Amino acid sequence: MDGVDVLVIGAGLVGCAAACRLAQAGARVEILEAARPNAGASGANAGSLHFQLERRFLENGEALADQAASILGLNLLAIEEWRGLADELGPDIRVHMRGGLMVAETADEVAILERKVAREVQGGLASRMIDGDAARALAPGLSETVVAASHLEAEGHADPKALTLAFAAAAAARGVRLRQRCRVVAARPVRSGYRLTVETPDGPEDLTAPKILIAAGAWSARIGELFNLHLPLYPVALLMSATERTAPLLDPLIQHVGQRLSMKQAQAGNVLIGGGWPSRMRLDAAGRFDLDRPAEMLASSLRGNLAVAARVFPRVAELNLIRSWTGITAITADQLPLVGAIPQAPGVYVAAGGSAFTLGPTFARLLARRILDEPEERLEIFSPARFGHLNSFMGAADA
């Protein structure tokens, strides 16, 4: 359908949420999805709301940790955003914000935790250090090996599958058309913006719009190639597991400052266990990472993840494991997401590269303002312009 103001590529959380916010502001929007909504990381993640600085920002030196601390202003915005989402989208998204603990088991880990909390407090986040006994009071069953933790009352989790579909429904109610099984295969600049060639179930079709939002998760870099752009996004495959349902066992979100662990109990009673353990990407016929097939689970990752979970919260070892799965997401070289306008391709925007569940609704709201040419500086730290040197010889030719 020509005549739209924005074409969104990707029907994950950010794509559907951005389409909803754009339509709320009066824009005509269409979403193109190669498979189905939530087919990528938006549907495969465990729905954690990590507002404390995550371990991945702390394990690669102080410089990266300092840089990550600059996103805390967005975390504060996201906390307020999440507090209002259930009222806006309905209770099915199951927002649970009853607190989060990042635990430490050694003196070295406590020192890292203390530096992290100091950065967070300086950035306005209400996190605090507590000792092991206080942590066990908040999470009975936490191991005696935990000697300290940082606590943030606003952390928690939500249902990732329900959230994206709720945003998609809200967008549809505002006139947004979502087209599934429509894969973008070519893009070229024209006087009115960009013309995309799309493979649809009914054959190829050309669509034109003045503005494009690439929100295709791990596929975003491949989409960027169609615009003659380097989007420095690297696919990574991660592992998640779920136990059988059980009576209320674990109220706060649990993370670990020195180990890969994220654990919480969903509303249905299952305990979800993850934290960034790797899986192995499969290769396609051309020898590139295959983004369309599930990654191969690594037995060593599964054993390692479950061992950390059982050590930190021993009662989880009494539960049966009912499912483990892999999901493919994308990261950037500096671990910060890629969100904003691409200078070498005026009218093309991107939102990908991590934190897309916790910060996704906030990214969508702020990026919609930016796409509609409203003043918005709070996304500058995530701007694709920071990698502009990679595209100094790239971009779209004049139409």
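Values in this document were obtained by computation on a predicted structure and should not be read as measured data.
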**Study point:** Glu296 and Ser279: side chain donor to acceptor below 3.5 Å
**Key:** no
Point to revise | Exceeds 12 heavy-atom contacts within 6.0 angstrom, atom CZ of Phe387 | key: yes
Spacing of [X] atom [atom1] and [Y] atom [atom2] [to the nearest 0.5 Å]:
| X | Y | atom1 | atom2 | answer |
| --- | --- | --- | --- | --- |
| Ser262 | Leu238 | OG | CG | 11.5 Å |
| Asn38 | Leu165 | CG | CG | 5.5 Å |
| Asp5 | Leu372 | CG | CG | 8.0 Å |
| Phe357 | Leu49 | CZ | CG | 6.0 Å |
| Ser383 | Leu336 | OG | CG | 11.5 Å |
| Leu379 | Leu359 | CG | CG | 10.0 Å |

Study note, to complete from the structure: Across all chains, not counting sequence neighbours, the ring pair (Phe, Tyr, Trp, His ring centres under 6.0 Å) partners of His151 are none
Side chain to side chain, [X] and [Y], heavy atoms closer than 4.5 Å:
| X | Y | value |
| --- | --- | --- |
| Ser48 | Thr358 | no |
| Val184 | Val198 | yes |
| Thr197 | Arg188 | yes |
| Leu101 | Gln255 | no |
| Val147 | Glu105 | no |
| Val117 | Val121 | yes |
| Phe382 | Ile71 | yes |
| Asp251 | Lys264 | no |

Quick check: closest heavy atoms across [X] and [Y], and the distance to 0.1 Å?
| X | Y | result |
| --- | --- | --- |
| Leu13 | Pro361 | CD2-CD, 4.1 Å |
| Arg386 | Leu338 | NH1-CD1, 3.9 Å |
| Pro189 | Tyr194 | CA-CD2, 3.9 Å |
| Pro160 | Ser42 | CB-O, 3.4 Å |
| Leu138 | Pro252 | O-CD, 3.7 Å |
| Ala330 | Ala218 | CB-CA, 3.9 Å |

Is any side-chain N of the basic residue among [X] and [Y] closer than 4.0 Å to the acidic one's carboxylate O?
| X | Y | answer |
| --- | --- | --- |
| Arg21 | Glu376 | no |
| Arg181 | Asp202 | no |
| Arg83 | Glu80 | yes |
| Glu33 | Arg179 | no |
| Glu120 | Lys116 | yes |
| Arg136 | Glu144 | yes |
| Arg282 | Asp292 | no |

[X] side-chain N/O to [Y] backbone N/O, donor-acceptor pair under 3.5 Å:
| X | Y | answer |
| --- | --- | --- |
| Arg260 | Gly276 | yes |
| Gln265 | Thr246 | yes |
| Asn391 | Leu229 | no |
| Thr326 | Met297 | no |
| Glu199 | Pro204 | no |
| Lys161 | Gly43 | yes |
| Glu88 | Gly84 | no |
| Asn305 | Ser301 | no |
| Arg28 | Gly3 | yes |
| His230 | Pro232 | no |

Review point. Hey, which of Val271, Ile254, Leu250, Ile273 is the one that makes side-chain contact (heavy atoms from CB on, under 4.5 Å) with Phe313?
Key: Leu250
Check your understanding: Do Asp334 and Thr332 pass the side-chain hydrogen bond (donor to acceptor under 3.5 Å, both in side chains) test, and can you show the C-alpha distance, the side-chain angles, and the key distance before you say yes or no?
Key -> CA-CA 5 Å; Asp334 62 4; Thr332 63; 2.8 Å; yes
Exercise for review: Assess whether salt bridge (Lys or Arg N to Asp or Glu O under 4.0 Å) is satisfied between Glu374 and Arg365, documenting all intermediate values.
Suggested key: CA-CA 12 Å; Glu374 298 180 24; Arg365 184 182 295 277; over 6 Å; no
Practice item. I would like to know whether Arg288 and Leu283 meet side chain to side chain contact (heavy atoms under 4.5 Å, CB included); could you show each step before the answer? Key: CA-CA 5 Å; Arg288 302 175 76 187; Leu283 301 180; over 6 Å; no
Exercise for review: Sequence neighbours left out, what passes salt bridge (Lys or Arg N to Asp or Glu O under 4.0 Å) with Asp284? Give chain and number order.
Suggested key: none
Check your understanding: What is the ring orientation for His157 with His96, classed by angle as parallel under 30°, tilted 30 to 60°, or perpendicular over 60°?
Key -> parallel
Review point. Partners of Trp277 by side-chain hydrogen bond (donor to acceptor under 3.5 Å, both in side chains), sequence neighbours excluded?
Key: none
